[in-house]
Asks: 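Questions regarding the structure given below will be posed in turn.
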2 protein chains.
Amino acid sequence: MNPLDFVSGAAVVRASTPAACERCGSRVVGVCAALDIAGLDEISHETRRTPVKARESLFREGDPASSIVMLMNGTAKLSRLMPDGRQQVLGFRFSGDIMGFTQGRMYASDAEMLTDGNICRMTRPQLEAMLERFPATQRRLIDLCAQELALTQDQLVTVGRRHAEQRVAAFVLSLAEAARRRGTPPSLFDMPMTRAEIGDLLGLALETVSRAFTALRKRGLVRELGGHKVELPDMAALAALADGDG
Amino acid sequence: MNPLDFVSGAAVVRASTPAACERCGSRVVGVCAALDIAGLDEISHETRRTPVKARESLFREGDPASSIVMLMNGTAKLSRLMPDGRQQVLGFRFSGDIMGFTQGRMYASDAEMLTDGNICRMTRPQLEAMLERFPATQRRLIDLCAQELALTQDQLVTVGRRHAEQRVAAFVLSLAEAARRRGTPPSLFDMPMTRAEIGDLLGLALETVSRAFTALRKRGLVRELGGHKVELPDMAALAALADGDG
DNA sequence: CGGGTGTTTGACAGAAGTCAAGTGCAGTGG
DNA sequence: CCACTGCACTTGACTTCTGTCAAACACCCG
């Protein structure tokens, strides 16, 4: 497996036919990427771009899945709560990702912002109407799901078969890959999540995550610049380590 | 999380309008469940029911994803190979499940039969044609994907946040749930996989799996009857244990 | 009946979790 | 402007769980 593919389950796909969306911002993302200008215009009447703040909850596990959320800006966290109070982070999401789409009637996870940002909500009926009216968006939703599934499976491999340091290496590489997809430099990016949240993603204690970062820092594979900025001087070596050759 | 929902990532959905499929057998499964009699008739011209034997490979990771496979009968294993030779089992599949659907051009995992069985293959062009001709199958594919995604996330919770014995408890409960969906008694089912394969699913060594089974047997929560038959005398207690109350 | 595969069990080593203390940093308020 | 306070992070010591290695056993298939 290529650790660059691991990522935190993000379903990021760029618009194939870039077009401006007045309400949602300049980039066309998520399912809407399949829409032409006319379709976008129709949809944009019904969705609103709204600012959200760090730590704000977007939806909760078990709540009725009344709408899907497109993340226009910022970073979010998807997680589930265990009965004993601990949480499993399912993945982090970035601008361009969609969240909250489910087959069932309820959300399958919590979603919470890690940073300030902007979202667009589309209600379930609006989504259904769009799928009906623009069949191309159906195929797109299938692709988004299939891709997200593949990425979740990748994470399963990471959590199931890698040691602590390898998991953290794979994790930072996934952030790099997510940055690349957003069109920003992959070797220098933001990492707004805490050690505890990373641990809950990777199935590790926060102290173990901290020790792994220290080890990677000492090897010169990861550099933390302050302000949650991270630099990866040697991504190839990091990938080798993640795959067990380190 | 409900441990009964954990399962091995199976996307099992019964036909809402049961109808006979001459080529594939008596039950209508997978995407085809959305088809009416006329559609089934049309499709059935192009797919063939073929017997497969235990340990036979259905497709391999990295091969061109030329067809999807509907498992009519028997049990299969989906897995990925790590660079160091170890494998991560992504899930087990049962009669009624579909395998090999992917957004990319290649299969994302290996698929191998654990038992003798029967499959139907549908080529990619056939699938595309069906999706085009019968839009209802598109919605069905979305649902199958979304459901499979949710189940894979469940497994992530299991592997990431549970101890060995809890994982094994969650695993046998998932087999029970899969049996229930197939319409067979949930407290008595086949378990054709080896301890090593269970370990590769749960991120455990085979010895650890064996010890966990011994412990569950001693507690009277699991009974192995020979011939790969397993009985669960107290599923509620098992669920409590899986959730950490044990 | 025999051989191979899968399973169980034990002893030990090693990785990660837990508990605890101390450090650093950022935002707040005087 | 600076001290204070709270949170996140780091580091150490110790414990516990799981992995590894090894041997014996059980079971199924030929």
Side-chain angles (χ1 to χ4, degrees), chain A residues 53-55 77 82 84-89 114-116 158-169 171-172 190-219 222-230 241 244 246, chain B residues 53-55 77 82 84-89 114-116 158-169 171-172 190-219 222-230 241 244 246:
Chain A
K53 288 195 296 187
R55 270 186 247 162
K77 176 182 80 176
M82 295 275 295
D84 63 3
R86 294 183 310 172
Q87 71 171 355
Q88 172 71 39
V89 172
L114 293 182
T115 66
D116 294 348
T158 291
V159 175
R161 297 273 75 147
R162 283 200 237 255
H163 287 180
E165 211 172 313
Q166 299 178 304
R167 293 188 208 180
V168 173
F171 167 70
V172 293
D190 265 340
M191 187 172 73
M193 52 291 285
T194 68
R195 303 280 125 119
E197 287 166 329
I198 297 169
D200 285 337
L201 173 77
L202 300 175
L204 297 172
L206 71 91
E207 294 94 332
T208 306
V209 175
S210 180
R211 282 185 246 269
F213 267 107
T214 302
L216 293 177
R217 222 182 294 127
K218 281 183 180 161
R219 293 205 205 191
V222 170
R223 205 171 293 161
E224 296 187 87
L225 309 174
H228 291 155
K229 281 263 183 291
V230 173
L241 193 159
Chain B
K53 287 197 296 191
R55 269 184 249 160
K77 175 182 80 175
M82 295 276 293
D84 63 3
R86 295 182 310 172
Q87 70 172 353
Q88 171 71 40
V89 172
L114 292 182
T115 67
D116 293 348
T158 291
V159 174
R161 299 273 74 149
R162 284 200 235 254
H163 288 180
E165 212 172 312
Q166 298 178 304
R167 293 188 208 180
V168 173
F171 168 70
V172 294
D190 266 340
M191 187 172 72
M193 53 291 286
T194 68
R195 303 279 124 121
E197 288 166 329
I198 298 169
D200 285 337
L201 173 76
L202 299 176
L204 297 171
L206 72 92
E207 295 93 333
T208 305
V209 176
S210 180
R211 281 185 247 268
F213 268 108
T214 302
L216 294 176
R217 223 182 293 126
K218 281 182 179 159
R219 294 203 204 192
V222 171
R223 206 172 292 162
E224 296 187 86
L225 309 173
H228 290 157
K229 282 263 182 292
V230 173
L241 194 158

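Below, read A as the first sequence line, B as the second, and so on, with proteins coming before strands; counting in each chain starts at 1.
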Asks: Who pairs with A/Arg86 by side-chain hydrogen bond (donor to acceptor under 3.5 Å, both in side chains), at least two apart in sequence or on another chain?
Replies: A/Asp84
Asks: Just jot down the side-chain contact (heavy atoms from CB on, under 4.5 Å) partners of A/Gln166, sequence neighbours excluded, or say none.
Replies: A/Arg162, A/His163, A/Leu241
Asks: Under the criterion side-chain contact (heavy atoms from CB on, under 4.5 Å), I'd like the reasoning laid out for A/Phe213 against A/Val172: C-alpha separation, chi angles, the key distance, then a yes or no.
Replies: CA-CA 10 Å; A/Phe213 267 107; A/Val172 293; 3.8 Å; yes
Asks: Check B/Ala212 against B/Glu165 and note the closest heavy-atom contact, atom names and distance.
Replies: CB-CA, 4.1 Å
Asks: Once salt bridge (charged side-chain N to carboxylate O under 4.0 Å, His left out) is applied, do any residues pair with A/Arg55, and if so which ones, sequence neighbours excluded?
Replies: none
Asks: Can you give one letter per nucleotide of nucleotides 6-15 of chain C, 5' to 3': B if a protein heavy atom sits under 4.0 Å from the base, S if only from the sugar-phosphate, - if neither?
Replies: -SBBBB----
Asks: Categorize A/Gly203 for me: base, sugar-phosphate, or nothing, with a 4.0 angstrom heavy-atom threshold over every strand shown.
Replies: sugar-phosphate
Asks: Taking all non-hydrogen atoms of both residues, which atom of A/Gly199 and which atom of A/Val209 are closest, and how far apart?
Replies: CA-CG2, 3.6 Å
Asks: Please identify each residue that fulfils salt bridge (charged side-chain N to carboxylate O under 4.0 Å, His left out) with A/Arg161, with sequence neighbours left out.
Replies: B/Asp200
Asks: Among residues at least two apart in sequence or on other chains, which ones pass salt bridge (charged side-chain N to carboxylate O under 4.0 Å, His left out) with A/Glu207?
Replies: none
Asks: What are the two closest heavy atoms between A/Glu197 and A/Leu114, and how far apart are they?
Replies: OE2-CD2, 3.4 Å
Asks: Work out which heavy atom in B/Gly227 is nearest to a heavy atom in B/Asp190; give both atom names and the distance.
Replies: O-OD1, 3.8 Å
Asks: I'd like the 5' and 3' limits of the part of DNA chain D contacted by chain A, with heavy-atom contacts below 4.0 Å.
Replies: D/dC9 to D/dA13
Asks: Could you list the residues that satisfy side-chain contact (heavy atoms from CB on, under 4.5 Å) with A/Lys53, not counting sequence neighbours?
Replies: A/Glu56, A/Asp116
Asks: Rounded off to whole Å, could you give me the CG-to-P distance for the A/Leu202 and C/dG17 pair?
Replies: 10 Å
Asks: Report for the helix from C/dC1-D/dG30 to C/dG30-D/dC1: angle between first-end and last-end helix axes, five pairs each, rounded to 10 degrees.
Replies: 40°
Asks: Of all residues at least two apart in sequence or in a different chain, which pass the side-chain hydrogen bond (donor to acceptor under 3.5 Å, both in side chains) check with B/Arg195?
Replies: B/Glu224
Asks: Could you report the tightest heavy-atom contact between B/Leu201 and B/Val159, atom names first, then the distance?
Replies: O-CG2, 3.9 Å
Asks: Produce the list of close N/O pairs, under 3.5 Å, pairing protein atoms with atoms of nucleotides 22-29 of chain C; give distances to one decimal.
Replies:
none

